[in-house]
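On a predicted model such as this, the values are computed, not experimentally measured, just so you know. Any value given below was found using the heavy atoms of this structure, including those in side chains, with hydrogens, waters and symmetry copies removed.
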Amino acid sequence: DVQLQASGGGLVQAGDSLRLSCTASGFTFDDSAIGWFRQAPGKEREEVICISSSDGSTYYRDSVKGRFTISSDNAKNTVYLQMNSLKPEDTAVYYCAAGWATSCRLGTRLDKGMDYWGKGTLVTVSS
């Protein structure tokens, strides 16, 4: 039974940093992609960032380039989303997802490559 647990959300001020964690059980990061998605109130879910061990690809949404980074600790089966210089428009529920043999080159169609989804963690950035 695969489970993904996202954590680390909270209320921060604009310009602050926050690190989200996504810990997987029943799933290893070998030959897979891990993506972070977010959904703001009243908006559709969007892909934010991705890292793939399947083909070494990464994906960054334009609006987070230079501010967000993704990394993994395979020993802990955990992927991290480091978010710096947060903006109010980053406010959303953030979800992590995993897909077997998936490339981050799916880009805006990244959600189609995900097999498992975790429950979200809320990030609120105040101005």
Side-chain angles (χ1 to χ4, degrees):
D1 187 25
V2 175
Q3 291 189 346
L4 301 174
Q5 180 66 52
S7 61
L11 173 62
V12 297
Q13 293 186 332
D16 285 352
S17 297
L18 203 59
R19 189 178 78 162
L20 305 184
S21 300
C22 176
T23 300
S25 60
F27 184 92
T28 62
F29 297 153
D30 297 334
D31 194 18
S32 65
I34 304 294
W36 285 94
F37 300 76
R38 67 187 181 188
Q39 186 167 20
K43 295 187 177 181
E44 293 187 354
R45 186 180 63 198
E46 60 187 25
E47 65 292 331
V48 177
I49 200 168
C50 173
I51 185 169
S52 172
S53 61
S54 299
D55 63 359
S57 60
T58 57
Y59 170 86
Y60 293 81
R61 187 173 190 83
D62 285 347
S63 60
V64 307
K65 287 179 180 177
R67 300 189 298 122
F68 290 12
T69 57
I70 188 170
S71 62
S72 65
D73 184 337
N74 288 358
K76 295 182 178 180
N77 247 20
T78 299
V79 171
Y80 302 100
L81 173 59
Q82 179 67 44
M83 305 184 293
N84 300 327
S85 302
L86 282 162
K87 304 176 180 180
E89 51 264 42
D90 294 318
T91 294
V93 176
Y94 283 72
Y95 302 88
C96 62
W100 292 112
T102 296
S103 173
C104 298
R105 294 190 177 95
L106 287 173
T108 57
R109 296 177 293 114
L110 190 59
D111 60 330
K112 301 298 189 289
M114 297 295 146
D115 299 300
Y116 307 102
W117 293 81
K119 294 181 180 179
T121 184
L122 177 62
V123 173
T124 304
V125 185
S126 64
S127 58

Can you list the residues that meet the side-chain hydrogen bond (donor to acceptor under 3.5 Å, both in side chains) rule with [X], with sequence neighbours excluded?
X	value
Tyr94	Arg38
Thr102	none
Thr23	Thr78

Joint hydrophobic cluster, [X] plus [Y], side-chain heavy atoms closer than 4.5 Å:
X	Y	result
Leu106	Trp36	no
Leu122	Phe37	yes
Val125	Tyr95	no

Of all the heavy-atom pairs spanning [X] and [Y], show the shortest one and how long it is.
X	Y	value
Val64	Val48	CG2-O, 3.8 Å
Thr28	Asn77	CA-OD1, 4.0 Å
Ala6	Cys96	CB-SG, 4.1 Å
Ala101	Ser54	CA-OG, 3.3 Å
Ser52	Ser103	OG-CA, 4.1 Å

Between the main-chain N or O of [Y] and the side-chain N or O of [X], is there a donor-acceptor pair closer than 3.5 Å?
X	Y	answer
Ser53	Ser32	yes
Ser126	Val12	yes
Ser72	Asn74	no
Arg45	Gln39	no

Kindly compute the distance separating [atom1] ([X]) from [atom2] ([Y]), expressed to the nearest 0.5 Å.
X	Y	atom1	atom2	value
Ser63	Lys87	OG	NZ	7.5 Å
Ile34	Ile49	CD1	CD1	12.5 Å
Leu81	Thr121	CG	OG1	10.5 Å
Ser57	Ile51	OG	CD1	9.0 Å
Leu110	Arg61	CG	CZ	11.0 Å
Leu20	Gln82	CG	CD	9.0 Å

Atom CD of residue position Glu89 - does it have more than 12 heavy atoms of other residues, nucleotides or ligands inside 6.0 Å?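 Atom CD in Glu89 is packed in, count exceeds 12.
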Which pairs, with at least one residue in residues 6-33 and sequence neighbours excluded, count as a ring pair (Phe, Tyr, Trp, His ring centres under 6.0 Å)?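 Every pair satisfying ring pair (Phe, Tyr, Trp, His ring centres under 6.0 Å) with a residue in residues 6-33: Phe27-Trp100, Phe27-Tyr116.
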Quick one: ring pair (Phe, Tyr, Trp, His ring centres under 6.0 Å) pairs with a partner in residues 41-85, sequence neighbours left out?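 Applying ring pair (Phe, Tyr, Trp, His ring centres under 6.0 Å) to every pair that reaches into residues 41-85, excluding sequence neighbours, yields nothing.
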Please list all pairs passing the disulfide (SG to SG under 2.5 Å) test where one or both residues lie in residues 28-75, with sequence neighbours left out.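 Listed once each, the pairs are Cys50-Cys104.
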Electrostatic pair Asp62-Lys65, nearest N-O below 4.0 angstrom: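 Between Lys65 and Asp62 there is a salt bridge, with a charged N closer than 4.0 Å to a carboxylate O.
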Close side-chain approach of Thr108 to Glu47, heavy-atom, < 4.5 Å: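 With C-beta onward as the side chain, the pair touches.
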Using the rule given for side chain to side chain contact (heavy atoms under 4.5 Å, CB included), can you reason through Arg105 versus Asp55, listing the C-alpha separation, both sets of side-chain angles and the distance that settles it, and then say yes or no? CA-CA 9 Å; Arg105 294 190 177 95; Asp55 63 359; 2.9 Å; yes
